[in-house]
Asks: 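The structure follows.
Quick caveat, the model's predicted, so the values are computed rather than measured. Order of the sequence lines sets the chain letters (A, B, ...), proteins ahead of strands, with each chain counted from 1. Hydrogens, waters and symmetry mates play no part in the numbers below; they use all other heavy atoms, side chains included.
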Protein chains: 2
Amino acid sequence: MALQQDIKVAVDAVVFGYESKGNLSVLLIRRGVDPFKNTWALPGGLVLEHESLEAAVKRELKEETGVTMDYLEQLYTFGKPKRDPRNRVVSVSYFGLVRPNHFKIKADTDADEAKWFPVNDLPKLAFDHKTIFNTAEKRLKGKLLYQPIGFDLLSAEFPFSDLEHLYATILGQDIDRRNFRKKIMSFGFVEETNKIQQVRSGRPAKLFKFNKQKYDALLDNGFYFDIKFV
Amino acid sequence: MALQQDIKVAVDAVVFGYESKGNLSVLLIRRGVDPFKNTWALPGGLVLEHESLEAAVKRELKEETGVTMDYLEQLYTFGKPKRDPRNRVVSVSYFGLVRPNHFKIKADTDADEAKWFPVNDLPKLAFDHKTIFNTAEKRLKGKLLYQPIGFDLLSAEFPFSDLEHLYATILGQDIDRRNFRKKIMSFGFVEETNKIQQVRSGRPAKLFKFNKQKYDALLDNGFYFDIKFV
DNA sequence: ATATATTTGTGTCAATACTACACAAAATAA
DNA sequence: TTATTTTGTGTAGTATTGACACAAATATAT
């Protein structure tokens with residue numbers, strides 16, 4: 001066994017953008033080369049020989065869209081023999097969440113154009129990228145239910161409503177503000193600051209911050225975040 | 001970009017064996033070739049060019065250990081540039097759970113020997129296989145808490161104590177039999193049969209069965225299995 | 001300046017879910 | 001025939017969940 005093998009390894013990124021209440025989008029590029037020339041696709045590309053998978057996906061994302069991500073989580077590896085019509089390509093996919101308006105997106109290398117699309121109104125995607133996207137969306141929702149994802153995303157200090165809207169948007173459903181706040185505060189890793197912020201119209205909001213130390217300590221004790229109910 | 005790339009794609013399997021109360025083991029092979037000749041390792045090997053990842057991992061497992069698995073779940077893809085001292089090898093890992101005594105394990109191809117090891121008493125492992133194993137063990141425990149893993153594993157009809165022991169073993173802690181049974185039965189996808197089985201000494205046990213249809217229907221409705229507490 | 005709209009902040013109560021706990025029944029083994 | 005092993009079952013106290021509404025603080029419109 002251990003025959004000659006000619007399989008390429010690629011990475012693809014599903015980058016979700018949370019802008020404001022109800023606005024969940026995903027970052028796509030328009031392919032500039034065949035196959036699937038001019039079709040929208042997830043940013044990604046081949047891994048370089050001495051580069052880690054994480055480095056590769058961040059590099060491709062940067063090159064193709066201009067977006068820089070600190071944290072991307074590995075999602076799944078797609079390896080069906082015919083998923084790329086040219087060669088055998090195994091794709092290791094990653095996903096992450098950012099605020100779109102923190103970036104000026106660009107076009108570069110073999111991508112013609114990069115653009116945010118609302119998750120509920122996607123164009124046709126190249127390769128098996130729709131499958132990858134679906135997997136990522138499911139995982140994002142699932143993850144939210146037992147991990148305080150989103151704290152990386154919010155500003156260091158944020159009004160509570162930011163968290164509420166983030167959850168409501170990703171889960172695609174309303175949450176009970178009182179119960180949500182009670183639950184989150186009960187965990188103890190979100191703390192009130194004594195700052196107050198006035199952004200929109202309405203009563204000014206206290207700012208809160210995420211205490212990562214406390215959170216990590218809890219995790220070490222086998223703590224299991226649980227907000228299934230909200 | 002799209003430079004020449006010479007990366008190999010491999011698969012590795014972390015197969016857990018649940019035998020009886022307190023006996024959780026993992027299937028290893030002793031490598032017959034360098035590097036790491038004579039060191040214990042996870043079963044696995046290179047993916048063939050026209051073979052899916054799932055097919056590859058099942059084939060390698062069969063060849064190296066004689067174990068046939070219906071269901072293996074993808075775990076994680078390990079791709080650090082130096083994880084294999086020879087070439088760049090990206091490994092897509094899988095994990096699963098079986099009853100060890102259902103198989104006669106053998107030795108074959110480039111594996112010298114296959115053997116079950118208790119998870120708490122592992123030998124030194126080749127490559128980064130200890131990392132892979134740790135990831136799998138963590139995932140197995142986590143999965144148990146929100147999915148009825150183990151029904152594939154048990155006989156079609158089983159006494160309730162089998163489930164209890166499976167959970168207790170994998171979680172590595174005692175469970176309250178009454179509360180556990182109440183909770184599982186409340187889900188509605190485990191049904192009592194009218195058969196009775198006498199195996200060990202003690203009162204004979206009713207046999208139960210898993211109703212996969214009901215389970216799948218629940219999943220479709222966004223149902224979230226939850227037995228964190230047991 | 002005043003009225004209107006918007007957003008934040010907060011408590012209670014009923015219903016459900018969790019957890020701790022012990023003993024009889026049915027069989028085998030000694 | 002007695003001891004041992006394993007199954008099967010209910011209750012009550014406690015904790016968590018989820019439903020629900022209105023006043024406070026500000027911006028915006030007239």
Asks: Please state how far atom CZ in B:Arg181 lies from atom C1' in C:dC18, giving the value in whole angstrom units.
Replies: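 One finds 19 Å between C1' of C:dC18 and CZ of B:Arg181, rounded.
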Asks: The criterion is ring pair (Phe, Tyr, Trp, His ring centres under 6.0 Å); which residues satisfy it with B:Tyr71, sequence neighbours excluded?
Replies: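 Partners of B:Tyr71 by the ring pair (Phe, Tyr, Trp, His ring centres under 6.0 Å) criterion come out as none, since no residue qualifies.
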Asks: Hey, does the side chain of A:Lys206 come within less than 4.0 Å of C:dT7's phosphate (OP1/OP2), counting only N and O?
Replies: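 No, A:Lys206 has no side-chain N/O under 4.0 Å of OP1/OP2 on C:dT7.
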Asks: Can you list the residues that meet the side chain to side chain contact (heavy atoms under 4.5 Å, CB included) rule with B:Arg200, with sequence neighbours excluded?
Replies: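 Per chain and number, B:Arg200 pairs via side chain to side chain contact (heavy atoms under 4.5 Å, CB included) with B:Pro159, B:Ser161, B:Asp162.
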Asks: Nearest-Å distance, CZ (A:Phe158) to C1' (C:dT8)?
Replies: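 Taking atom C1' of C:dT8 as the reference, CZ of A:Phe158 is at 15 Å.
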Asks: Test of understanding: with side chain to side chain donor-acceptor pair (under 3.5 Å), list the residues that count as partners of B:Asn211, not counting sequence neighbours.
Replies: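 Only B:Glu191 meet the side chain to side chain donor-acceptor pair (under 3.5 Å) criterion with B:Asn211.
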Asks: Can you sort out the partners of B:Tyr76 under ring pair (Phe, Tyr, Trp, His ring centres under 6.0 Å), two or more places apart, ordered by chain and number?
Replies: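 Applying ring pair (Phe, Tyr, Trp, His ring centres under 6.0 Å) to B:Tyr76 gives B:Phe78.
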Asks: How close or far is atom P of D:dT16 from atom CZ of A:Phe180, stated in whole angstroms?
Replies: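 These atoms are roughly 18 Å apart.
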Asks: Show which side-chain atoms of residues 123-137 of chain B pair as donor or acceptor with protein atoms under 3.5 Å away, not counting sequence neighbours.
Replies:
unit_1, atom_1, unit_2, atom_2, d
B:Asp128, OD1, B:Arg83, NE, 3.4
B:Asp128, OD1, B:Arg83, NH2, 2.9
B:Asp128, OD2, B:Arg83, NE, 2.8
B:His129, ND1, B:Leu42, N, 3.0
B:Asn134, ND2, B:Lys130, O, 3.4
B:Thr135, OG1, B:Thr131, O, 2.8

Asks: D:dT17 phosphate, OP1 or OP2: any side-chain N/O from A:Lys183 under 4.0 angstrom?
Replies: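 Yes, such a contact exists.
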Asks: Using the ring pair (Phe, Tyr, Trp, His ring centres under 6.0 Å) criterion, which residues pair with A:Trp116? Sequence neighbours excluded.
Replies: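 Listed in chain order: nothing, the list is empty.
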Asks: Tell me the interatomic distance from B:Ile175, atom CD1, to D:dT7, atom P, rounded to whole angstroms.
Replies: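 About 12 Å, once rounded to whole Å.
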Asks: Can you see whether B:Ser93 engages B:Asp12 through a side-chain donor-acceptor pair at a distance of less than 3.5 angstrom?
Replies: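 No - no donor-acceptor pair under 3.5 Å links their side chains.
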Asks: How many whole angstroms separate atom NZ of A:Lys195 from atom P of C:dT8?
Replies: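 Distance check: A:Lys195 NZ to C:dT8 P gives 19 Å.
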Asks: Could you give the angle between the helix axes at the two ends of the helix from C:dA1-D:dT30 to C:dA30-D:dT1, with five pairs per end, rounded to 10 degrees?
Replies: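 If I round to tens, the end axes sit 10° apart.
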Asks: Taking A:Gly44's backbone N and O only, do any of them form a donor-acceptor pair with A:Glu64's side chain (distance below 3.5 Å, no angle check)?
Replies: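 Side chain of A:Glu64 to backbone of A:Gly44, a donor-acceptor pair under 3.5 Å: yes, one is there.
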Asks: Atom CE of A:Met185 to atom C1' of C:dT10: distance rounded to whole Å?
Replies: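 To the nearest whole Å, that distance equals 13 Å.
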Asks: Using whole Å, what does the distance between atom C1' of nucleotide D:dG18 and atom CD of A:Gln173 come to?
Replies: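 So the CD-C1' distance, A:Gln173 to D:dG18, works out to 13 Å.
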Asks: Can you tell me how far P of D:dT9 sits from CD of B:Glu192, to the nearest Å?
Replies: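 B:Glu192 atom CD is separated from D:dT9 atom P by 7 Å.
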Asks: Go along nucleotides 21-30 of chain C 5' to 3' and tag each nucleotide: B for a protein heavy atom under 4.0 Å from its base, S when only backbone or sugar atoms are that close, - otherwise.
Replies: BB--BBBS--
Asks: The criterion is ring pair (Phe, Tyr, Trp, His ring centres under 6.0 Å); which residues satisfy it with B:Tyr18, sequence neighbours excluded?
Replies: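 By the ring pair (Phe, Tyr, Trp, His ring centres under 6.0 Å) rule, B:Tyr18 matches no residue at all.
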